[in-house]
Amino acid sequence: MSDNMIEWRNQARERFQPLSEDFLKLYKMEEESGGAPDEVWHALADIDWFGCIVPKKYGGNEAGLFKMATTFESVCSTGVVSFLPCLTALSTAAVVRAGSHELKDKILPSILRGKTKICFSATEKNAGFNIFNIETHSNKNDEGYILNGSKTYATAFDVADYAMVVTRSLSADQREKMKLPKTAGISVYLVNTKSQGITKKMMNTRGEGAARQFDVQFSNCQVPTENLVGKEHEGALVLFTAFNLERILFCSGILGVAEFCLQQATEYAKQRSVFGEAVIGSYQAVQHPLADVKIRLDVLRNQVYHVAKTIDAGANPAEVVSLCSGIKYLASELLDKAVNAAVGAMGGQAFHEENGIIQLFELSKLLHLSPISNAMVLNEIAEKVLKLPKSY
Ligand SMILES: Cc1cc2nc3c(=O)[nH]c(=O)nc-3n(C[C@H](O)[C@H](O)[C@H](O)COP(=O)(O)OP(=O)(O)OC[C@H]3O[C@@H](n4cnc5c(N)ncnc54)[C@H](O)[C@@H]3O)c2cc1C
């Protein structure tokens, strides 16, 4: 590990460690926190986290995804676990790559200052993981674009300032008649969450710490021309590149969360005695699951860093997509094992919310589905890498 990297990681840990205790308490204060307390955003701005992927001419530092990933891992290892910053980074990357100059001028400086949160809204009830089946549609008019339709599972729509919304701008029939590829006809917009024509309803769900999920309805919601991200009908191209970055950040967050579980459990196991003098950490039944997590964590960390550096070096997004999906698959399994090992070592202590472990059970299940389902990762590797026939 280079001196620079150790410095970044230490800087992130120092800034976030004091927030950790309060952050864990927020799980009990869902109504107030919305899963994205402002302190977290101020701290991210202090370590210039979003600047890593923003060009210097807009105030960024251009340090790249590797720095962003390693510092986010460090942040999550303190127990401060919020994935809304990753969704904001996803949109930031999309805007940097394909946004209009007006949009970049309008939004990037305030993202850098930790003042703007952006959620992501693609999922629809009838489409599920088949994003090409979405029905929310956008039409051009004199002032920009008009959006109509319904989304579900829009995480943190209540606290986000903008949502990156995925729509159909050409129906499947129109696309076919125009003989365009399957990926055409999708458009992506940065929509102000307070715009007229938007109604949201909180869902009765769990899974992402204190962040809440929303059903969102767009009824003639007007979006300014400059908020289109990428070319009209070509939004899928914008998304696929940004998804690579999102997967790396989710993976680095999972590395940090697994490290957090390991630290908590190991410290506890070194001190707790139940039968006589021996500490429970001296029993192999407690040691081995922790050692197993340590091995997997170190190996996966190297692979996540490798892929982040490959992207920084300018890899073609299409060439790294399977690598990004593959490490996300392994990361979700690592988190399962880390949470199980922590519960195995900590026993009843793991169920105290302020210890920050029990909440991670739900998160570990969610990360099997999100940001991409593990089943869809296996489909992708079987078809694109192993060249096996498509199964669905
Ligand atoms: C807590 C939470 C937060 C979320 N946050 C967001 C968000 O912020 N923004 C957003 O856009 N979405 C979000 N989602 C949505 C999520 O990313 C998925 O898109 C959504 O959960 C799909 O759900 P579904 O049940 O409709 O999936 P379905 O498509 O109905 O799939 C159901 C099951 O079948 C499997 N399956 C489907 N097709 C195949 C296939 N071809 N091969 C093998 N298996 C298959 C899937 O893996 C899954 O296990 C969130 C979801 C949850 C639960």
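Atoms within each ligand, like the ligands themselves, are counted from 1 in listed order.
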K.L.:
Where the closest heavy atom to atom 49 (O) of ligand 1 is concerned, which of N133, L369, L367, I134 has it?
P.N.:
L369

K.L.:
Once you restrict to heavy atoms under 4.0 Å, what part of M376 touches ligand 1? Side chain, backbone, both or neither.
P.N.:
side chain

K.L.:
Is there a polar contact between ligand 1 and S121, counting only N or O atoms under 3.5 Å apart?
P.N.:
no

K.L.:
Would you mind listing which atoms of ligand 1 come within a distance below 4.0 Å of any non-hydrogen atom of A375?
P.N.:
43 (C), 44 (N), 47 (O)

K.L.:
Does ligand 1 come near enough to Q213 that some N or O of the ligand is less than 3.5 Å from an N or O of the residue?
P.N.:
no

K.L.:
Does any N/O atom on N379 come nearer than 3.5 Å to any N/O atom on ligand 1?
P.N.:
yes

K.L.:
If you group Ile, Leu, Val, Met, Phe, Trp and Tyr whenever their side-chain heavy atoms sit less than 4.5 Å apart, what else falls in with I146?
P.N.:
none

K.L.:
Between F120 and ligand 1, does any nitrogen or oxygen pair lie at a separation below 3.5 Å?
P.N.:
yes

K.L.:
With under 30° as parallel and over 60° as perpendicular, where do the rings of F250 and F83 fit, or are they tilted in between?
P.N.:
parallel

K.L.:
Is there at least one pair of N or O atoms, one from A122 and one from ligand 1, spaced under 3.5 Å apart?
P.N.:
yes

K.L.:
Number the atoms of ligand 1 from 1 as they appear, then name those within less than 4.0 Å of a heavy atom of Y392, with their elements.
P.N.:
41 (N)

K.L.:
Can you classify the ring geometry of W41 versus F50 as parallel (below 30°), tilted (30 to 60°) or perpendicular (above 60°)?
P.N.:
parallel

K.L.:
Would you say S370 contacts ligand 1, with heavy atoms under 4.0 Å as the rule?
P.N.:
yes

K.L.:
Which other residues end up in the same hydrophobic cluster as L237, if Ile, Leu, Val, Met, Phe, Trp and Tyr are linked when side-chain heavy atoms come under 4.5 Å apart?
P.N.:
none

K.L.:
Check for me whether K309 meets the cation-pi criterion with F66, that is, NZ or CZ under 6.0 Å from the six-membered ring centre and within 45 degrees of the ring axis.
P.N.:
yes

K.L.:
Count the heavy atoms belonging to other residues, nucleotides or ligands that lie under 6.0 Å from CZ of R13, then report whether that count exceeds 12.
P.N.:
yes

K.L.:
Think K56 forms a cation-pi with Y58, using NZ or CZ under 6.0 Å from the six-ring centre and within 45 degrees of its axis?
P.N.:
no

K.L.:
Check S373 against ligand 1 and report side chain, backbone, both or neither, counting heavy atoms closer than 4.0 Å.
P.N.:
side chain

K.L.:
Determine whether the side chain, the backbone, both or neither of T152 has a heavy atom under 4.0 Å from any heavy atom of ligand 1.
P.N.:
neither

K.L.:
Is L366 in polar range of ligand 1, meaning some N or O pair under 3.5 Å apart?
P.N.:
no

K.L.:
Among I372, L366, N374, exactly one meets side-chain contact (heavy atoms from CB on, under 4.5 Å) together with S332. Which residue is that?
P.N.:
N374

K.L.:
Go through ligand 1 atom by atom and flag the ones less than 4.0 Å from a non-hydrogen atom of T155.
P.N.:
3 (C), 4 (C), 5 (N), 6 (C), 7 (C), 8 (O)

K.L.:
Flag yes if more than 12 heavy atoms outside K140 fall under 6.0 Å of its NZ atom; otherwise flag no.
P.N.:
yes

